[in-house]
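Structure record follows, encoded as structure tokens.
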Amino acid sequence: MDLAPRLLGAVLTHETDEGRVAVRLAEVEAYGGVGEDPGSHAYRGMTRRNGVMFGEPGHLYAYFTYGMHVCLNLVTGHPGAASAVLLRGGTVVEGLELARSRRPGASDRDLARGPARLGLALGVPLSADGDDLLAAPYSLWLPSAPPVSARGPRTGVSGAGGGADFAWRFWLPDDPGVSAYRRHRRAVG
DNA sequence: CGTGAGATCGCCT
DNA sequence: GGCGATCTCACGT
């Protein structure tokens, strides 16, 4: 969770046959390990889906949700810790044409603004689960100085013991790549 | 611009 | 069998 705000301003690049797209991260959320974070996929231990979370840091944890969307996380903890950072949004800084072709109809601002959209713009499929994000065809550039960041409760996580109270969402204030805050549909209160 | 509902299926209980 | 780390579109302001 200490690492999460350091990813703000970082640039994640993915290269395919079609070309290269890079996104500058503007919004992330941290998720913790077994028994410590009720909002985390790792809360109840290792399962078929979340196995990558328990592995090496720097790898990609990609999962399928809501019957139609893929979300991307960077594993941040040591093996077994099962902590990860959900990449929630950013702006395309390279490969704009390619990103546009992958998201027909979307405005430039919306290309990678949102967890599922970000993966679509980068062209990272569910099958990339487990990939090393620090090696080709990916690259991750981190800014030398930690950026000024804002923090608040996580989006999309339900209340009632679901970990909604954890203020583990971090973003770059006023950055256009920050997704619209939407509380969970079933959030209480 | 904000709210709300539907889509759609794998995962876990 | 219920629900989700979401997105898009429709509609009211």
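Sequence lines set the chain letters: A, B, ... in the order given, protein chains first and strands last, and positions in each chain run from 1.
- For A/Y31 and C/dA5, the ring-to-base geometry satisfies the stacking test (centroid distance below 5.5 Å, interplanar angle below 30°).
- In this structure, the side-chain contact (heavy atoms from CB on, under 4.5 Å) partners of A/V28, at least two apart in sequence or on a different chain, are A/A4, A/L7, A/L8, A/V85, A/L87, A/F170.
- Using a 4.5 Å heavy-atom threshold, the side chains of A/R169 and A/T155 count as touching.
- DNA chain B lies under 4.0 Å from at least one heavy atom of each of the following residues of residues 47-54 of chain A: A/T47, A/R49.
- With rounding to whole Å, A/M68 atom CE is found 10 Å from C/dT8 atom C1'.
- Side-chain contact check for A/L118 versus A/L25: some heavy-atom pair is nearer than 4.5 Å.
- As rounded to whole Å, 11 Å separates atom P of C/dC7 from atom CG of A/L72.
- B/dT13 atom C1' lies 15 Å from atom OH of A/Y43, rounded to whole Å.
- The interatomic distance linking A/H69 (NE2) with B/dG10 (P) rounds to 15 Å, in whole Å.
- Remark: P of B/dC1 and CG of A/D110 are 11 Å apart, rounded to the nearest angstrom.
- The aromatic ring of A/F64 is not stacked on the base of B/dG10, since the criterion of ring centres less than 5.5 Å apart with planes inclined by under 30° is not met.
- For the pair A/H59 and A/D131, the minimum side-chain heavy-atom distance is 4.5 Å or more.
- Residue contacts shown for A/G67 include a base, since a base heavy atom lies under 4.0 Å away.
- Around the CZ atom of A/R103, the shell of radius 6.0 Å holds more than 12 heavy atoms that belong to other residues, nucleotides or ligands.
- Not one side-chain nitrogen or oxygen of A/R103 sits closer than 4.0 Å to the OP1 or OP2 atom of C/dC7.
- Looking at heavy atoms from C-beta onward, A/Y63 lies in side-chain contact with A/H41 at the 4.5 angstrom threshold.
- Inter-residue side-chain proximity for A/L96 and A/L111 is flagged as met; some heavy-atom pair is nearer than 4.5 Å.
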TODO: Tell me, with the steps shown, if A/E15 and A/Y138 meet side chain to side chain contact (heavy atoms under 4.5 Å, CB included).
DONE: CA-CA 6 Å; A/E15 183 156 14; A/Y138 307 91; over 6 Å; no
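- Rounded to whole Å, atom C1' of C/dT6 lies 11 Å from atom CG of A/L120.
- Between A/H41 and B/dC11, a side-chain N or O to OP1/OP2 separation shorter than 4.0 Å is absent.
- As rounded to whole Å, 12 Å separates atom C1' of C/dC7 from atom CZ of A/R88.
- We find that OH of A/Y66 is positioned 13 Å from C1' of C/dG2, with the value rounded to whole Å.
- Between A/P147 and A/L172, some side-chain heavy-atom pair lies under the 4.5 Å cut-off.
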Task: Bracket notation of DNA chain B in which parentheses pair within the strand, [ ] cross earlier pairs, and | pairs with another strand (Watson-Crick or G-U, under 3.5 Å) - done: |||||||.||||.
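- Where A/Y63 and A/R117 meet DNA chain C, the nucleotide closest to each residue was compared, and A/Y63 sits on the side nearer the 5' end.
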